[in-house]
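Every chain is numbered from 1 and lettered A, B, ... according to where its sequence line falls, protein lines coming before strand lines. The structure presented is a predicted model; accordingly, all values stated were derived computationally and were not measured. Below, each value reflects all heavy atoms present in this structure, side chains not excepted, and no hydrogens, waters or symmetry copies.
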Protein chains: 2
Amino acid sequence: MEMANRSENVKRHDGEMRTEPVLSEPHEDHIPLLDEHFQMVSFLAKSLSDENRLRILLCVSSGKKSVGGIVETLGLSQPLVSHHLKELKRSLLVRIERSGPFIYYELSDPRILDVVDILTTVATDLISARKTF
Amino acid sequence: MEMANRSENVKRHDGEMRTEPVLSEPHEDHIPLLDEHFQMVSFLAKSLSDENRLRILLCVSSGKKSVGGIVETLGLSQPLVSHHLKELKRSLLVRIERSGPFIYYELSDPRILDVVDILTTVATDLISARKTF
DNA sequence: CAAACATATAAATGTATGTTTATATGTTAT
DNA sequence: ATAACATATAAACATACATTTATATGTTTG
């Protein structure tokens with residue numbers, strides 16, 4: 001079989017099949033993704049996928065903050081904030097520190113802010129590009 | 001009132017209150033986040049928050065791919081793939097192109113790959129840091 | 001110890017979402 | 001037009017999840 005003009009032939013149990021051309025125009029180099037990585041990434045992304053949880057995460061990105069501080073800053077209910085903090089703890093995105101009756105939470109990895117930045121600009125660009133048409 | 005040693009005094013409707021010290025140790029500079037940004041970011045993050053959907057997105061990150069191609073590559077059902085592609089379209093993360101009976105999908109913004117890269121390394125680091133203790 | 005505060009947890013609930021099964025729409029070739 | 005293929009859509013379902021209300025746990029102060 002010739003390799004000159006490659007094409008994928010998908011075997012089907014019945015009758016004929018259509019021929020589909022194959023091109024590729026690669027992007028920059030990126031980390032080769034293993035199966036476990038998809039789990040991890042989607043799990044972290046899920047932590048960022050709720051608006052309130054994201055607000056909370058960014059609220060503790062500038063340094064330690066108590067639960068009450070977060071509650072007051074964001075105007076969310078205390079149990080809701082606690083619940084989301086528990087999730088953020090589960091995903092290891094926050095560092096926890098106890099001091100007296102107060103419990104302080106803090107963003108554990110600043111690179112999350114880079115992610116948020118990129119997503120913000122991408123979203124902005126996608127939306128404005130959409131309006132162009 | 002003195003500014004020397006700042007402290008937050010949270011007013012409560014009843015009795016006394018506790019005093020909580022205020023420190024801050026800022027990170028690098030980042031985009032100032034407006035209210036609308038949280039919506040957009042969390043929305044995009046939600047698109048990355050499902051393992052199969054993420055697989056699909058990365059599957060079309062190396063160039064146009066037909067639905068059937070994705071189905072075969074990932075071993076997912078065709079309706080499931082179509083459903084996730086619809087979501088990815090809704091979030092503007094894929095570009096669509098029709099050619100005959102085939103419909104080709106492609107990642108619309110390569111910066112999403114940067115996000116995935118960062119999340120991968122962050123996740124790896126967080127997990128390995130966790131094992132240290 | 002009792003009262004007041006800080007935070008966590010539990011129960012309950014409505015809603016969103018991922019997946020499957022089945023069917024419809026649309027396209028190409030005979 | 002009919003058959004075969006590619007993809008989309010709809011229905012149905014189970015599960016996950018965000019939120020509220022209510023209560024428990026733990027800490028400090030008087």
Side-chain angles (χ1 to χ4, degrees), chain A residues 8-21 38-39 42-43 45-57 60 64-72 74-91 94 96-105, chain B residues 8-21 38-39 42-43 45-57 60 64-72 74-91 94 96-105:
Chain A
E8 260 187 11
N9 289 23
V10 179
K11 288 243 177 63
R12 284 304 177 209
H13 41 64
D14 195 10
E16 299 297 320
M17 62 195 150
R18 308 276 157 90
T19 318
E20 139 181 41
F38 287 99
Q39 270 190 65
S42 58
F43 186 69
K46 191 166 297 176
S47 295
L48 310 177
S49 71
D50 180 81
E51 203 176 327
N52 286 329
R53 194 160 48 224
L54 186 62
R55 278 199 165 79
I56 292 171
L57 194 59
V60 301
K64 305 184 246 177
K65 273 213 175 184
S66 71
V67 177
I70 302 170
V71 166
E72 217 204 335
L74 300 181
L76 301 172
S77 78
Q78 180 265 314
L80 182 57
V81 170
S82 273
H83 172 249
H84 282 309
L85 285 172
K86 191 179 183 180
E87 282 302 302
L88 292 173
K89 173 186 176 186
R90 230 169 58 92
S91 56
V94 291
I96 306 177
E97 193 177 324
R98 176 157 221 147
S99 165
F102 298 100
I103 303 184
Y104 293 95
Y105 289 81
Chain B
E8 261 188 8
N9 290 24
V10 180
K11 288 243 178 62
R12 286 302 178 208
H13 40 60
D14 196 7
E16 298 298 320
M17 61 196 148
R18 309 277 156 89
T19 318
E20 134 182 44
F38 288 99
Q39 270 190 65
S42 58
F43 187 69
K46 189 167 297 174
S47 296
L48 309 177
S49 71
D50 180 81
E51 202 175 328
N52 285 331
R53 195 161 47 223
L54 185 63
R55 277 199 164 81
I56 292 171
L57 194 59
V60 300
K64 303 183 249 180
K65 275 212 174 183
S66 70
V67 178
I70 301 170
V71 166
E72 217 203 337
L74 300 181
L76 301 173
S77 79
Q78 179 267 314
L80 183 56
V81 170
S82 273
H83 172 249
H84 282 309
L85 285 172
K86 191 179 181 179
E87 282 300 303
L88 292 172
K89 173 185 174 186
R90 230 169 58 91
S91 58
V94 291
I96 307 178
E97 193 176 324
R98 176 157 222 147
S99 164
F102 299 100
I103 303 183
Y104 293 96
Y105 289 81

Which of the following nucleotides, C:dG26, D:dG26, C:dT9, is nearest to the side chain of B:Arg98?
-> C:dG26

Which nucleotide sits closest to the side chain of A:Val67: C:dT7, D:dT7, C:dT9?
-> C:dT7

Rounding to a whole Å, what distance do you find between [X]:[atom1] and [N]:[atom2]?
| X | N | atom1 | atom2 | result |
| --- | --- | --- | --- | --- |
| B:Ile103 | C:dG26 | CD1 | P | 11 Å |
| A:Lys65 | C:dT7 | NZ | P | 13 Å |
| B:Glu72 | D:dC5 | CD | P | 14 Å |
| B:Lys86 | C:dT19 | NZ | C1' | 15 Å |

Please, which pairs that meet salt bridge (Lys or Arg N to Asp or Glu O under 4.0 Å) have at least one residue in residues 76-90 of chain B, sequence neighbours excluded?
-> B:Glu87-B:Arg90

Tell me, please, which residues at least two apart from B:Gln39 pass side chain to side chain donor-acceptor pair (under 3.5 Å).
-> none

Test item: B:Arg53 side-chain N/O and B:Lys46 main-chain N/O as donor-acceptor pair under 3.5 Å | yes

Return yes if some donor-acceptor pair links the side-chain N/O of A:Ser99 with the main-chain N/O of A:Phe102 below 3.5 Å, else return no.
-> no

Under 3.5 Å, is there an N or O donor on one side and an acceptor on the other linking the side chain of A:Gln78 and the base of C:dA8?
-> yes

Note: for B:Gly100 and A:Leu85 on DNA chain C, the residue whose nearest nucleotide lies more 5' is A:Leu85

Nucleotide-resolved protein contact map, nucleotides 11-20 of chain D, B/S/- at heavy-atom distance under 4.0 Å | ------SSBS

So, is A:Tyr105 close to the C:dA8 phosphate, meaning a side-chain N or O under 4.0 Å from OP1 or OP2?
-> yes

Under the side-chain contact (heavy atoms from CB on, under 4.5 Å) rule, what do B:Leu74 and B:Asn52 come out as? Steps first, then yes or no, please.
-> CA-CA 9 Å; B:Leu74 300 181; B:Asn52 285 331; over 6 Å; no

Between A:Ile103 and A:Leu85, is a side-chain contact (heavy atoms from CB on, under 4.5 Å) present by the stated rule, with each step listed?
-> CA-CA 11 Å; A:Ile103 303 184; A:Leu85 285 172; over 6 Å; no

